[in-house]
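Here you go, one structure.
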Amino acid sequence: MLEISTIRFEKERVLEGLNKRFLPEAQIGLIETILLLDDERKKSQTEGDIVLSEINKLSKEIGDLFKSGKQSKANELKDQVAVLKDKSKILEENNKRIQQELGDLIIQLPNVPHVSVPVGKHAEDNEVYKEWSGDLDILPSDALPHWEIAEKYGVFSLTDGVKLTGAGFPVFKGKGARLQRALISYFLDEASKAGYTEIVPPLVVNHDSARATGQLPDKEAQMYYIERDDLYLIPTAEVPITNLYRDMIVSAEELPIKLTGYTPCFRREAGSYGADVKGLNRVHQFDKIEIVQIQHPDKSYDSLMEMLNHVSHLLDSLGLPYRILRLCGGDMGFASALTYDFEVYSMAQKRWLEVSSVSNFETFQSNRMMLRYKDTNGKNKLAHTLNGSALALARIVAAILENFQTKDGVIVPEVLRKYTGFDIIN
RNA sequence: GGAAGAAUGGCAGAGUGGUUGAAUGCACCGGUCUUGAAAACCGGCGUACCUGAGAGGGUAUCUGGGGUUCGAAUCCCUAUUCUUCCGCCA
């Protein structure tokens, strides 16, 4: 959620930034409406406060009059208060209405893209921030896509998942299951080494949590919802982990706060069909290790680079070819100010698969969740929040299976072997 | 799932209708003392919004929502959460 003060005092920057997202005219128009409504809100509050102040003053007088036995004078004042109360009620309702309206409008505005965000409408407009320099075509022409390798070696089964649950819920088996666990352990260990504190959060969250990180209301259809208990299955660990700091005021010295966690992620992916969803390319449940930072506004972009380097290091160590994209305004998430996507090249499919998305949300999330830090003057200011996947497992597994396949089996990356206990899947 | 009790400032904990934004202690910040620190003493110390150039002033806030009353932390209703007991249970 954008801050009204930002809209008011940095209107040019806001408009310029939002233009990069190619929003419909009506949405841009919200800016003016919000400012006018905010003026109205201020005026309305002042009016209401004055009346309340009078009521408070009179009530005290009435108390004093009763004590000194001046009943009739007191009753006179009571009548006055009654009139003021009617007035106050109307003003209060008006005030509430305005605030509600203001809230409804402001929540419709996405975050203002950072200056470095490229202008563009679609994924094709994303900027390649870092290209892969090596050879991407090193597999023989009879190389198998990962779902065929999985079948050959019993790594995972989608048909078993269909029996248990439905399409898009893979069942990992044997060495495949072990590979999952190895990746989770490896990624968590690397995050710990980088100074992130490990968290094991709940996998279901309440409405407040889903709203604070921006899943609600804009991505409601993406989440599984448990109606009986009014809870949502998490689409990413970002939700519970970031929300640990909802409604918190931390001291500036505590920053940055660096957290990591492994969780399964649940996504409905409504409306996705076709070749895109084959094998592990797009599933409803996948494992992911998330890294989260809560940082001082002056340093959040340094943190973003640090996170970028962390993810790069993971992919380098696995030996997977990847590229980094800087998302254009139109392709960027609602809450983000700047997002870098990591894509791994899956050599048999000959396509890039997104395996990580690293974003700085600036104050967009912290404003929704009232996450603040106390600066050196003792003032409470909104902190910046960032997060990134480090990494999303399912597609990493797909890339490992395809890229490292040989006639004899799939070679396990060196760094994983102490976790898997084997060096080939066959 | 059933029954009873509870929810007060960063923490602990007073306070059952009238200068209560809220005693007291701890923590924290500033000062005195001290070579320095501790102790002691003095002072300060929640949050949000409105208003004001500023000093300041106003409003709200004692879990959330609603009500009674001239006036509510205090009374009533309701939701939520927690605790204890019972039931169930990995």
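Convention: sequence-line order gives letters A, B, ...; per-chain numbering from 1. Values below: every heavy atom of this structure, side chains too, minus hydrogens, waters and symmetry copies. Just so it is clear, the model here is predicted, and its values are computed rather than measured.
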Subject >> Nucleotide B/rG10, atom C1' - distance to CD1 of A/I249 in whole Å >> reply: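 So the two atoms are 10 Å apart, to the nearest Å.
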Subject >> Nucleotide opposite B/rC89 in a Watson-Crick or G-U pair, distances under 3.5 Å >> reply: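 The answer is none; no pair meets the criterion.
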Subject >> Base-pairing mate for B/rG52 - Watson-Crick or G-U, with both contacts under 3.5 Å >> reply: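 Paired with B/rG52, as far as the under-3.5 Å criterion goes, is no nucleotide at all.
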Subject >> salt_bridge(A/R13, A/E16) N-O dist < 4.0 Å >> reply: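 Judged by the 4.0 Å cut-off on N to carboxylate O distance, A/R13 and A/E16 do not form a salt bridge.
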**OP:** Return yes when atom CD of A/E54 has more than 12 non-hydrogen atoms of other residues, nucleotides or ligands closer than 6.0 Å, and no otherwise.
**Re:**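 Yes, the 6.0 Å shell around CD holds more than 12 heavy atoms from other groups.
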Original post:
Is any side-chain N of the basic residue among A/E61 and A/K57 closer than 4.0 Å to the acidic one's carboxylate O?
Top reply: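 Salt bridge: no.
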Original post:
OP1 or OP2 of B/rU47 sitting under 4.0 Å from any side-chain N/O of A/R372?
Top reply: no
Subject >> Same-atom distance (P) from B/rU59 to B/rA22, integer angstrom >> reply: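 So the two P atoms sit 13 Å from each other.
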**OP:** Provide the distance between the two P atoms, one in B/rG67 and one in B/rU74, to the nearest whole Å.
**Re:**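 The same atom, P, in both gives a distance of 14 Å.
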Subject >> C1'-based separation of B/rG71 from B/rU16 [nearest Å] >> reply: 15 Å
Original post:
Phosphate oxygens OP1/OP2 of B/rU47: is one of them under 4.0 Å from a side-chain N or O of A/K374?
Top reply: yes
Original post:
Looking at A/N75, does any N or O in its side chain come under 4.0 Å of the phosphate oxygens OP1/OP2 on B/rC70?
Top reply: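 For A/N75, the contact criterion (side-chain N or O under 4.0 Å from OP1 or OP2 of B/rC70) is not met.
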Subject >> Nearest-nucleotide comparison on RNA chain B, the residue closer to the 5′ end among A/I55 and A/K60 >> reply: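 Nearest nucleotide further toward 5': that of A/K60.
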Original post:
Could you state the CG-P distance from A/L382 to B/rU47, rounded to the nearest angstrom?
Top reply: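 Going from A/L382 (CG) to B/rU47 (P), I get 14 Å.
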**OP:** Report the distance from atom CG of A/D229 to atom P of B/rU80, rounded to the nearest whole Å.
**Re:** 12 Å
Subject >> Qualifying residue, where the test is side-chain hydrogen bond (donor to acceptor under 3.5 Å, both in side chains) with A/E238 and the options are A/T263, A/N243, A/N387 >> reply: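 One option only clears the test, and that one is A/N387.
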Original post:
A/D38 CG to B/rC49 P: how many Å, rounded?
Top reply: 11 Å
Subject >> Any A/N206 side-chain N or O less than 4.0 Å from OP1/OP2 of B/rU80 >> reply: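 So the side chain of A/N206 is outside the cut-off, no N or O lying under 4.0 Å from OP1 or OP2 of B/rU80.
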Subject >> Any A/R41 side-chain N or O less than 4.0 Å from OP1/OP2 of B/rC49 >> reply: no
**OP:** Run the numbers on A/H384 and A/Y301 for ring-ring contact (aromatic ring centres under 6.0 Å, His included), then give the verdict.
**Re:** CA-CA 10 Å; A/H384 281 194; A/Y301 281 94; 7.1 Å; no
**OP:** Among the candidates B/rC50, B/rU47, B/rC70, find the nucleotide nearest to the side-chain atoms of A/T46.
**Re:** B/rC50
**OP:** Would you mind pulling out the nucleotide paired to B/rU20, Watson-Crick or G-U wobble, both distances under 3.5 Å?
**Re:** none
Original post:
When the P atoms of B/rA72 and B/rU63 are considered, how many whole Å apart are they?
Top reply: 15 Å
Original post:
In Watson-Crick or G-U wobble terms, both distances under 3.5 Å, what is the partner of B/rC75?
Top reply: B/rG67
**OP:** Taking only Lys NZ, Arg NE, NH1 and NH2, and the carboxylate oxygens of Asp or Glu, determine whether A/D341 and A/R326 approach each other closer than 4.0 Å.
**Re:**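 Result for this pair is no, no salt bridge flagged.
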Original post:
With both distances kept under 3.5 Å, what pairs with B/rA14, Watson-Crick or G-U wobble?
Top reply: none
Original post:
Can a cation-pi geometry be assigned to A/K175 and A/Y153, taking NZ or CZ under 6.0 Å from the six-membered ring centre and within 45° of the ring axis?
Top reply: no
**OP:** Please state how far atom NZ in A/K379 lies from atom C1' in B/rC49, giving the value in whole angstrom units.
**Re:**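 To the nearest whole Å, that distance equals 14 Å.
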Original post:
Is the shortest distance from a Lys or Arg side-chain nitrogen in A/R8 or A/D39 to a carboxylate oxygen in the other one below 4.0 Å?
Top reply: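 A salt bridge is present here (some side-chain N lies under 4.0 Å from a carboxylate O).
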**OP:** Let me know, please, whether A/G63 or A/L77 comes out on the 5' side of the other along RNA chain B by nearest nucleotide.
**Re:**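 Its nearest nucleotide lies further toward 5', so the answer is A/G63.
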Sub-3.5 Å pairs of nitrogen or oxygen atoms, protein against nucleotides 56-60 of chain B:
{"unit_1": "B/rG58", "atom_1": "O3'", "unit_2": "A/S53", "atom_2": "OG", "d": "3.2"}
{"unit_1": "B/rG58", "atom_1": "N2", "unit_2": "A/D49", "atom_2": "OD2", "d": "3.0"}
{"unit_1": "B/rU59", "atom_1": "OP1", "unit_2": "A/N56", "atom_2": "ND2", "d": "3.3"}
{"unit_1": "B/rU59", "atom_1": "O2'", "unit_2": "A/D49", "atom_2": "OD1", "d": "3.1"}
{"unit_1": "B/rA60", "atom_1": "OP2", "unit_2": "A/N56", "atom_2": "ND2", "d": "3.4"}

Subject >> Ring centres under 6.0 angstrom apart (A/Y340, A/Y129) >> reply: yes
**OP:** State, with a plain yes or no, whether a side-chain heavy atom of A/M369 is found less than 4.5 Å away from one of A/T242.
**Re:**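 When only atoms from C-beta onward are counted, A/T242 and A/M369 do touch, with a gap below 4.5 Å.
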**OP:** Could you please name the partner base of B/rG46, counting Watson-Crick and G-U wobble pairs only when both distances are under 3.5 Å?
**Re:**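 Pairing partner, where one exists within any strand: B/rU61.
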Subject >> Atom P, compared across B/rA39 and B/rG46: separation rounded to whole Å >> reply: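 Nearest-Å result for B/rA39 against B/rG46 at atom P: 23 Å.
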**OP:** Could you give the distance separating B/rU20 and B/rA38 at their P atoms, to the nearest angstrom?
**Re:** 35 Å
Subject >> B/rC41: pairing nucleotide in any strand, Watson-Crick or G-U under 3.5 angstrom >> reply: B/rG31
Original post:
Base, sugar-phosphate, or nothing: which does A/D79 touch, judged by heavy atoms less than 4.0 Å apart?
Top reply: nothing
Original post:
Given that both distances must come in under 3.5 Å, which nucleotide forms a Watson-Crick or G-U wobble pair with B/rU83?
Top reply: B/rA4
Original post:
Does the pair A/L401 and A/V155 meet the rule for a side chain to side chain contact (heavy atoms under 4.5 Å, CB included), with working shown?
Top reply: CA-CA 9 Å; A/L401 294 177; A/V155 176; 4.2 Å; yes
**OP:** Measure from NZ on A/K42 to C1' on B/rC50 and round the result to the nearest Å.
**Re:** 9 Å
Original post:
Is A/K11 salt-bridged to A/E32, going by a charged N under 4.0 Å from an acidic O?
Top reply: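 Here A/K11 pairs with A/E32 in a salt bridge, since their nearest N and O are under 4.0 Å apart.
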Subject >> Enclosure of A/K87 NZ (heavy-atom neighbours >12, cutoff 6.0 Å) >> reply: no
Original post:
Which whole-number value in Å describes the distance from A/L84 CG to B/rU69 P?
Top reply: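 Checked: the CG to P distance equals 17 Å.
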Original post:
If you measure from the C1' atom in B/rC62 to the same atom in B/rA73, how many Å do you get, rounded?
Top reply: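 Straight-line distance between the two C1' atoms is 5 Å.
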Subject >> P spacing across the pair B/rA12 / B/rU80, given as an integer number of angstrom >> reply: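 Per the computed distance, 24 Å lies between those P atoms.
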Subject >> Nucleotide of B/rC50, B/rU47, B/rG18 approaching A/F66 most closely (side-chain heavy atoms) >> reply: B/rG18
Subject >> A/E253 CD - B/rC28 P separation (whole Å) >> reply: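 Between P of B/rC28 and CD of A/E253: 13 Å.
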Original post:
Taking only N and O in the side chain of A/K85, is any of them less than 4.0 Å away from OP1 or OP2 of B/rG71?
Top reply: yes
When you compare the protein's N or O atoms with those of nucleotides 62-67 of chain B, which come within less than 3.5 Å of each other, and at what distance?
{"unit_1": "B/rG66", "atom_1": "OP1", "unit_2": "A/K96", "atom_2": "NZ", "d": "2.8"}

